[in-house]
Structure formats: structure tokens, C-alpha cells
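A short write-up of the structure that comes next.
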Amino acid sequence: GAVVSQHPSRVICKSGTSVKIECRSLDFQATTMFWYRQFPKQSLMLMATSNEGSKATYEQGVEKDKFLINHASLTLSTLTVTSAHPEDSSFYICSASQGSQPQHFGDGTRLSIL
Amino acid sequence: QQQVKQSPQSLIVQKGGISIINCAYENTAFDYFPWYQQFPGKGPALLIAIRPDVSEKKEGRFTISFNKSAKQFSLHIMDSQPGDSATYFCAASSAGNTPLVFGKGTRLSVIA
């Protein structure tokens, strides 16, 4: 089946640091990638939709300058949390799809800001 | 405004029993209804999905029942096992590659 790899799986860093999370589709070309945020025991909250070669579309309330998304190729999208603060600590999950095919999710990145 | 309502929030089922999770949606433009299974510390994994042209889809122990007129769909897990203990999310999306709208999740515990 389709595999989406997300890296790193866990990151702990100091407040003010910028953190980059990678999302790769390993066996298909991901025309669209999605980034979600999930708080403990809650559902997934869509942050942004990213189409290859285009600017990401952010959901209402998500700061574009805070969460930088790049989708430069059909197999890679990155999410950079700039100047991270403790309130940015969360579980970040990406998903990828090819055309109208089902979304497949990565295993998430646990971000902890001290 | 929550577009996909999921219930129950948590569920405890005896091993071998049937687990039933329900979802209701509001947007009639939705035409794709997947169920995801998520274990702690992992991303959601696609379990089974259905489109409105059928009323039921079965894959192994997992069955989706779909009621278009009532705008409801449900997941049935037959012969539930302790390994099925996880959080289950229903979701919905409209035509094309539009973002999924997720329910709030159901935490299933299957006890021996």
C-alpha cells in the first residue's frame, strides 16, 4: 500500500527555535499534501493544503508566517514552525494523495518546545 | 460548526462482540466517507471507505453501513479483538481531492 514517511518522529527544542518537519510519499507522486495538528485526545485539525508547485492554502486561524509550508516536488513537502514557542507543542501529521485517490497519513511528529 | 458528528466518544466492548460507531454529516456535497484507525503516537491508517452509490461495504471484520437519506454512516467491527483497541475517526470529503473533515473520534477498548 501507499507509504508516507514523516521525519523526525519526535523533536524537543528550546523556545525560539525553528523546526522543520518533512513529509515524503515513498511509492507514489503526491499531487496534494495536507498538514494537520492534533492535540491529545482530540481530532485532527487541518492546518493547510499544499499542491505541488503552488503556494499552500491555509485554514482560517493558521498563521502563514508561523507555519511555512513548501511543496517543491511531487514526493516532498515540508512544514517549518518558525520561532516555536511552548504553545506550538503538538502532534503534527501530514497526509498525501495522488489525484482523487485516498489520503495516506504519515506517522506524525511529536513537537515539544521547552 | 462541526460538519461530521461522531458518537460515541468512547466505547468498551467485550472480546468477540460487535463494535458500532456512528457518524452523521450535514454537507450533501460529501461523496467520500472513510474510516481511519489511529493507535497512540501513530498517524491515522485508512481502514475502509465508502461512496454514496452503495449502502454497505464489507472488508473482513469491518463493515460500513451508509444511509444517504439520513446522512448517516456507521462502522461495525465484528468479532472485536483486543488488538482493535484504538481511536477511530470517521471523515468525509466532497468531489475531487478536497480536504477531509474528521469526526471527533471514538476511543474503543476491547476487553477480554
Side-chain angles (χ1 to χ4, degrees), chain A residues 1-10 21 23-25 28-52 54 56-60 62 71 90-112, chain B residues 1-11 21 23 25 27 29-53 57 59-60 62 64 85-109:
Chain A
V3 178
V4 175
S5 174
Q6 195 170 333
H7 178 81
S9 58
R10 176 149 193 159
I21 302 169
C23 180
R24 294 181 184 273
S25 58
F28 66 99
Q29 293 186 322
T31 48
T32 306
M33 286 186 171
F34 304 88
W35 286 94
Y36 297 83
R37 185 173 180 175
Q38 186 178 33
F39 291 104
K41 299 183 181 181
Q42 292 191 23
S43 189
L44 287 78
M45 182 183 73
L46 180 67
M47 298 175 66
T49 301
S50 170
N51 291 300
E52 187 265 339
S54 307
T57 301
Y58 289 81
E59 294 300 299
Q60 189 174 11
V62 178
H71 191 171
S90 189
F91 193 50
Y92 293 87
I93 310 174
C94 72
S95 72
S97 66
Q98 182 178 35
S100 60
Q101 294 302 308
Q103 289 183 37
H104 294 275
F105 286 79
D107 268 344
T109 297
R110 175 74 59 193
L111 175 62
S112 300
Chain B
Q1 180 184 1
Q2 185 186 356
Q3 296 189 56
V4 179
K5 294 184 179 180
Q6 183 172 346
S7 63
Q9 191 173 16
S10 62
L11 181 62
I21 305 171
C23 282
Y25 63 98
N27 188 345
F30 288 151
D31 71 345
Y32 175 67
F33 304 90
W35 284 89
Y36 285 87
Q37 178 190 57
Q38 185 179 31
F39 292 104
K42 296 292 185 181
L46 179 63
L47 201 58
I48 187 172
I50 198 169
R51 293 194 183 271
D53 53 343
K57 183 176 181 179
E59 290 183 1
F62 302 94
I64 297 181
S85 298
T87 300
Y88 293 81
F89 293 96
C90 63
S93 68
S94 54
N97 198 10
T98 55
L100 290 166
V101 178
F102 282 88
K104 289 192 173 183
T106 296
R107 181 169 288 195
L108 171 65
S109 297

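No hydrogens, no waters, no symmetry mates; every other heavy atom, side chains included, goes into these values. Just so it is clear: chains get the letters A, B, ... in the order the sequence lines come, proteins before strands, and each one is counted from 1.
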Separation of [Y] [atom2] from [X] [atom1] (nearest 0.5 Å):
{"X": "B:Q38", "Y": "A:D107", "atom1": "CD", "atom2": "CG", "result": "9.5 Å"}
{"X": "A:Q38", "Y": "B:F102", "atom1": "CD", "atom2": "CZ", "result": "9.0 Å"}
{"X": "B:L100", "Y": "A:F105", "atom1": "CG", "atom2": "CZ", "result": "5.5 Å"}

Counting heavy-atom pairs under 4.5 Å with chain B, which one of [options] comes out on top?
{"options": "A:G108, A:S95, A:S97", "result": "A:S97"}
{"options": "A:R110, A:Q6, A:K41", "result": "A:K41"}
{"options": "A:T32, A:L44, A:T57", "result": "A:L44"}

Go through the atoms of A:Q103 and report whether side chain, backbone, both or neither lie under 4.5 Å from a heavy atom of chain B.
both
Taking side chain as everything from C-beta outward and backbone as N, CA, C, O, which of these in B:P34 sits under 4.5 Å from a heavy atom of chain A? Side chain, backbone, both or neither.
neither
Segment of B:F39 engaging chain A (4.5 angstrom heavy-atom cut-off):
neither
Is the backbone N or O of B:G105 less than 3.5 Å from a side-chain atom of A:S43, with the two atoms forming a donor-acceptor pair by type?
no
